[in-house]
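Data first, discussion second: the structure below is written as structure tokens.
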Amino acid sequence: MLVRLGFRSLLFTKLHIRFFCSSQLHPMASLPELEPSNDADLISQLLLQHHNPFHSMESSLQLHGISLTPFLIHQTFLRLKHSSKIALSFFHYSLNCPHLHLDTTAFNLLIDNLCKVRQFDVAWQLIIQMDQKSVKTNFTTFYLLIRRLISAGLTRQAIRTFSEMHVFLDEQSEDQVWKDYFYYLLDTLCKYGYVKVATEVFNKEKWRLELNCKLYTILIYGWCKVKNIEMARRFFGELLDKGIDPNVVSYNVLLNGICRRASLHPNGRFDKVIRDAEKVFDEMCERGVEPDVTSYSILLHVYTRAHKPELSLEKLRIMRRKGICPNIVTYTSVIKCLCSCGRIEDAELLLEQMVSNGVTPTSATYNCFFKEFKGRKDVDGALRLYGKMMQGSLCSPSVSTFNILLGMLLKLGRIGLARDIWDDMKDSGAGPDLDSYTLLIHGFCEKQKWKTACEFFMEMIEKGFLPQKVTFETLYRGLIQANMLRTWRRLKKRLDEESITFGSEFETYHLKPYRR
DNA sequence: CTAGGGTTAG
């Protein structure tokens, strides 16, 4: 709503500014990655700990001999991704530093940060500031806004932002902007499940687009995602009607839609899915489009979901015979199938085979084994594999590896071991993440160790993780029941300091993670 | 992060 109200006047402002500063369109620059930086760690810690960062920052930076650089600012913003309020005040602080130039990336990071907590109007103000300070806006600036708007369900505002952003992007005509960037809008709408809206825009704007296979594939993907295979097929038909040749990606998207449409548990359903999938396979071949590794991986995944290890192995043989090399995805799917059917030995054999074929397992591959160990409550088996990974002969464990282990140990009441793993994880630098904290805290709550649970809850907030509502509620109920009112009040105070609430409006803050 | 497949968790 705020965006809509503010939009006209902001656009107007921009039109005036345009006469005075000419900026060139940057090439598509994405946001930087989180990189290790002790200085950025320190700065973000300082900011998170202090109530009023302005006072302490200057002297603290001097004390530690840190001078702010663009890189440091980017990294600090990345570390403040859960605390938009603090990020904003750090932004104002840096803005007032002489010699320091806030670049497009810094603005983009902050804009993303603000949009994440739905501060779209503040984000808009920043875009205006960028112009006033001659910091170039680029497509990323708007794409961040658009994606966050979509993920917050504000699709109309997103489309509007898209269709009017050409005003901000100099040296590109409106038509060019549509042609270059419409994929992003369509794709993002579909990825977040707003395929109806996507279809609507697509139909409305068709006239100015160069219709191609990619655009249709995005829409087909969208309909498949909302499990509407009929519509997916209809768009597939439209693609054919236009005389466009579908490629292997278009077919794979449709195939995947068919394969993961229904629950496979009643066996009859499984047979129908396989029949439908094979029909698409045949159609593909008739059109001269050869199924590739992905096509086979999609089928293998269905077998895995249906717990059909024999079929899975059989298909693997067939694809090899056809000269298609299974890759890490293919192998992991089959290994998962074998593991989840209790055939660990067979899975190990396949693992060896895969390695000898030159495909390197990832931690995700080993996690299939860990999951089965967890199901069997086989702590020794899990620890043996874990030991090998920690020794460094295999790949190193990921956060998920640690999390599976933690989940298992906590469930079995092996608290001591769980804490050892927790320390390993911290040392390795792979974690902890939101899930690790959630698991651990829930584990301690289960054991009624409220105080320890509370300590970790505080720690996760310090680190900038936003606890889930359930975690908060479990802890709250526990503390009240155990009559630990003092601990509760201390916790509540901390939450208030961080402006963290768990009211109903907060649920909308839980956004889907980026696609990588 | 201008189209597709697998692996994690509560």
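Since the model is a prediction, treat every value here as computed from it, not as a measurement. Convention: sequence-line order gives letters A, B, ...; per-chain numbering from 1.
Applying the side-chain hydrogen bond (donor to acceptor under 3.5 Å, both in side chains) rule to A:E238 yields the partners A:K206, A:Y216; only residues at least two apart in sequence or on another chain are considered. A:S312 meets the side-chain hydrogen bond (donor to acceptor under 3.5 Å, both in side chains) test with no other residue; sequence neighbours excluded. Applying the side-chain hydrogen bond (donor to acceptor under 3.5 Å, both in side chains) criterion to A:R376, with sequence neighbours excluded, gives A:E372. For the side chain to side chain contact (heavy atoms under 4.5 Å, CB included) test, residues two or more places apart in sequence or in another chain that qualify with A:E459 are A:K426, A:Y437, A:F456, A:K463. Listed by chain and number, the residues in a side chain to side chain contact (heavy atoms under 4.5 Å, CB included) with A:V329 are A:S297, A:N327 (sequence neighbours excluded). Legend: residues meeting side-chain hydrogen bond (donor to acceptor under 3.5 Å, both in side chains) with A:R79, ordered by chain and number and at least two apart, are A:D41, A:Q75. For the side chain to side chain contact (heavy atoms under 4.5 Å, CB included) test, no residue two or more places apart in sequence or in another chain qualifies with A:K279. A:I461 pairs by the side chain to side chain contact (heavy atoms under 4.5 Å, CB included) definition with A:F457, A:P467, A:L495, A:E498, A:I500, not counting sequence neighbours.
Atom-to-atom, CG of A:L410 to P of B:dG10 comes out at 10 Å; the value is rounded to the nearest Å. Atom-to-atom, CZ of A:F162 to C1' of B:dT2 comes out at 11 Å; the value is rounded to the nearest Å. One atom, NZ of A:K214, and another, P of B:dT2, lie 9 Å apart when rounded to the nearest Å.
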Would you please test A:S398 and A:N367 for side-chain contact (heavy atoms from CB on, under 4.5 Å) and show each step? CA-CA 9 Å; A:S398 65; A:N367 289 347; 3.7 Å; yes
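Residues in residues 275-310 of chain A take part in these ring pair (Phe, Tyr, Trp, His ring centres under 6.0 Å) pairs, two or more places apart or across chains: A:F281-A:Y296.
Among the heavy atoms of the strands lying under 4.0 Å from A:N256 are primed sugar atoms or P, OP1, OP2 only; no base atom is included. Among the atoms of the strands shown, base atoms are found under 4.0 Å from some heavy atom of A:N327. Note on A:K179: nothing from the nucleic acid sits closer than 4.0 angstrom, heavy atoms only.
Between the side chain of A:S333 and the base of B:dG6, no donor-acceptor pair under 3.5 Å is found.
Listed by residue number, the members of residues 337-371 of chain A with any heavy atom below 4.0 angstrom from DNA chain B are A:T362, A:A364, A:K371. Shown for residues 284-293 of chain A: residues whose heavy atoms fall under 4.0 angstrom of DNA chain B, namely A:D292, A:V293.
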Secondary-structure string, 5' to 3', Watson-Crick or G-U under 3.5 Å, | for another-strand partners, for DNA chain B: ..........
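In this structure, the nucleotide among B:dA3, B:dG6, B:dT8 sitting nearest to the side chain of A:K191 is B:dA3.
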